[in-house]
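Here is the structure we will look at.
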There are 2 protein chains.
Amino acid sequence: MTHTPGQPDSRAVPAGGRPEPVPCATTPERRPGGRTARVRAQVLDAVRAELGEHGYEGLTVEGVAARAGVHRTTVYRRWEDVGGLLADVLDAAGEDDWEPTDTGSLRGDLTALNDEIQESLVARPSVPRALMAAAFRSARAAEAQQRLWEDRYARCETIVERAVGRGELPARTDARSLLIASTAPLYHQLVLLGTAPDPRLPARAATTATLAAAAGAFGLPVPEE
Amino acid sequence: MTHTPGQPDSRAVPAGGRPEPVPCATTPERRPGGRTARVRAQVLDAVRAELGEHGYEGLTVEGVAARAGVHRTTVYRRWEDVGGLLADVLDAAGEDDWEPTDTGSLRGDLTALNDEIQESLVARPSVPRALMAAAFRSARAAEAQQRLWEDRYARCETIVERAVGRGELPARTDARSLLIASTAPLYHQLVLLGTAPDPRLPARAATTATLAAAAGAFGLPVPEE
DNA sequence: ATCTTAAAGCAACAGATGTCGCACTAGTGG
DNA sequence: CCACTAGTGCGACATCTGTTGCTTTAAGAT
């Protein structure tokens, strides 16, 4: 996850994901060499550090540039604004190897997942929370956020597949809906409602979703009977 | 809901909800008279109008002041910042007489509620969405938002009470958890995940919650058998 | 009517934020 | 080794955002 400065990553991503100024076919890849990649790594590291220290509120282009040892103008030119920075961070966040833990039961898996979510959301300052805040302000960050959600929920579908394999769930189950039903109350209460975190909430939400699933709430074609 | 300019409202609210500069007991109420109230009404109307036209992104103190026909400084002094403005708007929003519609069944009531929610969230620009965005940036707006959520969910508890009265649910049912389970997927998908609105989502989320409730997912003390 | 004073208007200022042209540095290719 | 140039550094500038001291207006009381 953490980029090692000085060891340029080989990903030749167009930095901010913005449309490039039309490479004229003679320049297939602009200049993926040392300095460019190094600056990108420094800046993204700085963003994560600033986010961890001051949260989204305290995240400013000025501060990021200073911490990265880079000039303001460079950041503005490559990432445009704070939203662009976070979009890049979000894309990088999707490149880890996270996967849901296997506890042996659907309810256990969902509870473990919810525990992880709750933990990441109650931390102060919370990076995921900051990224959600950013998604409200920047279209680019919102798109990156969407990609990350999609990736995460796709990985979580293995939870449902395992449950189907164990016979806990019917084969044709809408995995995505089940996962959302299980996790949504957490985000709703912790992020939107702003209620105090309840240590039993993760388990309760997971249990509710499990019960609904057992009652056939997420059956796909519902063969009626 | 809409304030009629020129007809000062009698609510002697301390405007922004901020701690007042200690009234010296000789001045029990500062100056609730015409101009003060009129300015407040003008400004709040301007906020709602700007929000409807440009969304949260385009909401600026400068624009609000101009539209309200008031000087910038006045807005800064009474509301401090955009968050303060929205907090005041949020508090005013809680003073309506909204109540959940009665369709005759738990599932129907929850579906109707979700339909209303979805409708308010897919509108562009969406005022509720703007208020949520504001809650991320301003502590004052966040508190006001919290008060509004609390008020809304409290009113919705009548849905559960009616269902209990009809014998659809056991007497000891955790109304709040049921309501959150029913509504959270909507907010999660439309606000956080940013997925395209699905016209059947409200009904499906309501059905899921109803099934879970029937399975005893929201029983309060659970007398064990 | 007139006095008092809370609140609004006004203008000048300070700081943050973002932009632009130009110079320079350092990969890249000959 | 040298030439080329994408990308960065630098400083000057424009703008937006928020603050402060003072003046003016008008609500409320005598």
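Note that these values count all heavy atoms, side chains included, but never hydrogens, waters or copies made by symmetry. Letters A, B, ... are given to chains in the order of the sequence lines, protein chains preceding strands, and every chain is numbered from 1.
For the pair B:Arg38 CZ and D:dT25 C1', the interatomic distance rounds to 11 Å; values are reported in whole Å. In this entry the distance linking CZ of A:Arg78 with P of D:dA6 reads 15 Å, nearest Å. Distance NE2 (B:His71) to P (D:dT17): 15 Å, rounded to an integer number of Å.
In terms of the side chain to side chain donor-acceptor pair (under 3.5 Å) criterion, A:Thr74 has no residue partners (sequence neighbours excluded). By the side chain to side chain contact (heavy atoms under 4.5 Å, CB included) test, B:Asp174 is found to be paired with A:Arg204, B:Arg176, B:Ser177, B:Phe218, B:Leu220, residues two or more places apart in sequence or in another chain being considered. Partners of A:Thr195 by side chain to side chain contact (heavy atoms under 4.5 Å, CB included), not counting sequence neighbours, listed by chain and number: A:Gln189, A:Leu193. In terms of the side chain to side chain donor-acceptor pair (under 3.5 Å) criterion, residue partners of A:His71 (sequence neighbours excluded) are, by chain and number, A:Thr73. Legend: residues meeting side chain to side chain donor-acceptor pair (under 3.5 Å) with B:Glu161, ordered by chain and number and at least two apart, are absent.
Using a 4.0 Å cut-off, no side-chain N or O of A:Arg40 falls inside it from OP1 or OP2 of D:dG7. For C:dA16, neither phosphate oxygen OP1 nor OP2 lies less than 4.0 angstrom from any side-chain nitrogen or oxygen of A:Thr60.
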Filtered N/O pairs between nucleotides 18-20 of chain D and protein, under 3.5 Å:
from	atom 1	to	atom 2	distance (Å)
D:dG18	OP2	B:Tyr76	OH	3.0
D:dG18	N7	B:Arg72	NH1	2.8
D:dG18	O6	B:Arg72	NH2	3.3

*Could you please spell out the steps behind the salt bridge (Lys or Arg N to Asp or Glu O under 4.0 Å) verdict for B:Glu53 and B:Arg67?*
CA-CA 12 Å; B:Glu53 279 186 21; B:Arg67 181 186 282 257; 2.9 Å; yes
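Taking every side-chain heavy atom of A:Val70 into account, D:dG9 is the closest of D:dT8, D:dG9, C:dA7.
Sorted by first and then second residue, the side-chain hydrogen bond (donor to acceptor under 3.5 Å, both in side chains) pairs with a member in residues 112-122 of chain A read A:Trp98-A:Glu116; sequence neighbours excluded. Residue pairs satisfying the ring-ring contact (aromatic ring centres under 6.0 Å, His included) criterion with at least one member in residues 124-161 of chain B, sequence neighbours excluded, are listed as follows: A:Phe136-B:Phe136, A:His188-B:Trp149, B:Trp149-B:Tyr187.
Rounded to 10 degrees, the angle separating the terminal helix axes of the helix from C:dA1-D:dT30 to C:dG30-D:dC1, each built from five base pairs, is 30°.
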